[in-house]
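What follows is a set of notes on a single structure, which appears directly below.
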Amino acid sequence: MTRDSAALGSAPSGSAVPAPTLGGAPAPLLRRIMLQGRYETVTMLRNGEQLILAVVLPLLAMVGLTVTPLLDGYGASRINVAVPGILALCAMSTAFTGQGISTGFDRRYGVLRFLSTTPLGRTGLIAGKVLAVLAVLSLQVLVVTAVALTLGWQPDPQGWAPALALLVLGAAAFTALGLLVAGTVRPEATLAITNLLWILLGALGGIVIPAEKLPALLQSIVQFLPSGALGEGMRDAFLSGSVNPVSVLVLLLWTAIAGGAATRWFKWN
Amino acid sequence: MVRSPESPVLSISGLVKDVGPLPTLDGKMLRVVSGVSLVAERGQVTALLGANGAGKTTTIECAQGLQKRTHGSISLLGEDPDTAGAGLRARVGVMLQDGGLPPSARPIPLLKHIAGMYQDPWPVGELIDRLGIDAFSRTSVRRLSGGQKQRLALAAALVGNPEVLFLDEPSAGLDPQSRQLVFGLISELRNRGMGIVLTTHLMDDAQRLADYVYIIDAGRNVAEGTVAQLLQHPLPPDAGEQHIRTLLFEADPGLDFTGVLPDGVDVTEARAGSYAATGALTPADLAAITAWWAARGIMPRSLSLEARSLEDVFLDISGREIR
């Protein structure tokens, strides 16, 4: 095909400003990821519904568990049994439900596609989301811990290191699951599924209510769920300062399986 | 890398794209692009013109790396978009058909955020001035009008000061003022050496902006050339020797032209009182029409005669039937 180049060089005479050279370089990878992480964190914190899910509901659940006899007979005090599970619930709120819903709608509106054409790219976009989940989770831990301490929480000091590590692992598993849902179904369905699972797993998934307080049928299942594994692991850490290897293994498996599935089936448009 | 001025910014050869499997086709794949080839040069506006569903968006999304091609080769600034990294993406600006901007974002923080992804971005303040974004800088994306959204999406595509700019249906939703502004900027960028690739189903866009047009129909190239070249595209065999012309005029609505004009000249009333007589019009036909007006005391409010438009060429090539 011959291509007429007569249209070239038709710049108007006396164009005003010397134009900058076209084309440039991307900002360094780390800066792109940090920027995206900050942007997504601010977006999450500005979203009222997400704040209710991330902070208000877990705090209400914590108060509820300390004024009712639901957790009696499991540990030294109601608050000591409740707080580890509430922290686990926070991870599920932010990483699974909150991040899943926002990713689902970003996908609907083409935001994921547009950002993936910028230097940020798909990898940077996911990395930014993970950063935002960790940032919001850190704030949740600070708020819940502050309120819990005023309510008389006495965590095992040995428990902090394993608990925080487990919380990050739990956030990884729930982020992978949230992305899997957000990337494969319509955003309305993501909204329904992640909210419903939040309630079901929150109530019956072994996250705030220990498995042995649940009906016998559920007891055998919940320890293999990410919710049960995280809840049990957090309680073992803060009640006895120990690491629960089954929890670690189960969460690692969920992260690997959901992460692999999301990588395979996530649809960008 | 040596950038020769002759090397095209984009070259696509034999692009084939299958989508699916689709449940509506009994789980079969649907071929949406079946062999598109095109070349886009620096300092030119290259338009992909075609009806909705012709495969234009799929073609440029394959070029942008947003969709993986089934067959064919694509070179964008000398690289394969499927495997390219941030270095290539920093040199390419993309405006998607649906904008792709987060609904809750406000224009200026959003542009600043995107600018942060580049080493040396186009100053955000300058872009805001150029595209008149100040007027709605406090409004969230979801509350912007179609034209405002398009201008913001264009700013977002330009903030990296790209060498190649992809615009998918750039005039969708633009009011006349925005259109003037956007088209003026596109021409200026072209003159600065940017390679601009746009898709449109509007002949007028292509006629006003494009240096080179590829007409895409049913997933393949059907014609190409400068606008001037395309206007000389051979007439369909049944059109005979004469040139197709269109007589446009406005008069009272509901006039019945039966019997006034010979067979082969169609009179349509697109809007009430706005007529177009299209066909191989002869001087005798014009005389017949004006005589008919004179006999009935009809004075048209406006009257013009147009040679073949790009739209006619397009319809000659891709067929006039509704699909």
Side-chain angles (χ1 to χ4, degrees), chain A residues 1-13 15-29 31-36 38-40 42-44 46-48 50 102 105-125 128 267-269, chain B residues 5 8 37-39 41-45 61 64-67 77 85-87 89-105 109 113-114 116-122 141 153 156-157 159-164 166 188-194 211-212 224-226 229:
Chain A
M1 81 194 79
T2 53
R3 187 67 196 262
D4 184 340
S5 61
L8 266 173
S10 55
S13 52
S15 56
V17 232
T21 339
L22 297 174
L29 176 67
R31 194 176 116 203
R32 304 197 303 264
I33 293 174
M34 295 299 281
L35 273 177
Q36 186 62 22
R38 192 182 67 186
Y39 188 83
E40 299 235 2
V42 171
T43 307
M44 270 182 151
R46 282 207 181 129
N47 184 322
Q50 292 220 12
S102 76
F105 280 96
D106 276 358
R107 185 173 143 242
R108 151 78 53 90
Y109 295 117
V111 179
L112 300 184
R113 292 191 314 137
F114 171 67
L115 287 176
S116 67
T117 68
T118 71
L120 182 66
R122 291 179 177 180
T123 322
L125 192 55
K267 288 201 282 284
W268 291 80
N269 51 347
Chain B
S37 299
L38 62 90
V39 171
E41 307 278 357
R42 242 169 249 282
Q44 289 199 5
V45 175
E61 288 198 346
Q64 293 158 353
L66 282 172
Q67 294 193 37
L77 292 168
R89 293 197 299 270
R91 296 164 64 198
V92 177
V94 173
M95 181 170 127
L96 298 173
Q97 201 168 5
D98 52 12
L101 307 175
S104 63
H113 173 59
I114 300 164
M117 302 293 166
Y118 300 87
Q119 196 78 265
D120 189 19
W122 190 327
V141 168
V159 77
N161 202 20
E163 286 165 66
V164 189
F166 286 101
E188 188 187 313
L189 295 168
R190 179 244 327 263
N191 294 340
R192 270 171 54 184
M194 202 176 278
D211 297 298
Y212 203 82
E224 66 177 270
T226 61
Q229 287 166 349

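In the text below, chain A, chain B and the rest are named by the order of the sequence lines, each starting its count at 1.
When every heavy atom of L101(B) is checked against every heavy atom of V111(A), the shortest pair comes out as C-CG2, 3.6 Å. Heavy-atom minimum distance, V94(B) versus F114(A): O-CE1, 3.4 Å. The heavy-atom pair separating L66(B) from R113(A) by the smallest distance is CD2-O, 3.6 Å. The two atoms that bring G24(A) and A90(B) nearest to each other are O-CB, 3.7 Å, heavy atoms only. Closest heavy-atom contact between G116(B) and A27(A): O-CB, 3.3 Å. Heavy-atom minimum distance, Q119(B) versus P26(A): NE2-O, 3.5 Å.
Contact of the Y118(B) side chain with the P119(A) side chain is registered, since non-hydrogen atoms from C-beta on lie closer than 4.5 Å. For the pair R38(A)/H113(B), no side-chain contact is recorded, criterion being any heavy-atom separation below 4.5 Å from C-beta on.
At a 4.5 Å heavy-atom cutoff, E188(B) makes no contact with chain A through either its backbone or its side chain. Only the side chain of T43(A) comes within contact range of chain B, with at least one heavy atom under 4.5 Å from a heavy atom of that chain.
With hydrogens and angles ignored, the 3.5 Å screen pairs a side-chain donor or acceptor of R89(B) with a backbone N or O of T118(A).
Ranked by heavy-atom pairs shorter than 4.5 Å toward chain A, the options G65(B), A156(B), P121(B) are led by A156(B). Residue with the most contacts toward chain B among F105(A), W268(A), Y39(A): Y39(A) (heavy-atom pairs, distance under 4.5 Å). Here P103(B) is the residue among P109(B), A105(B), P103(B) with the most heavy-atom pairs under 4.5 Å with chain A.
Between T117(A) atom OG1 and M95(B) atom CE the span is 12.0 Å, to the nearest 0.5 Å.
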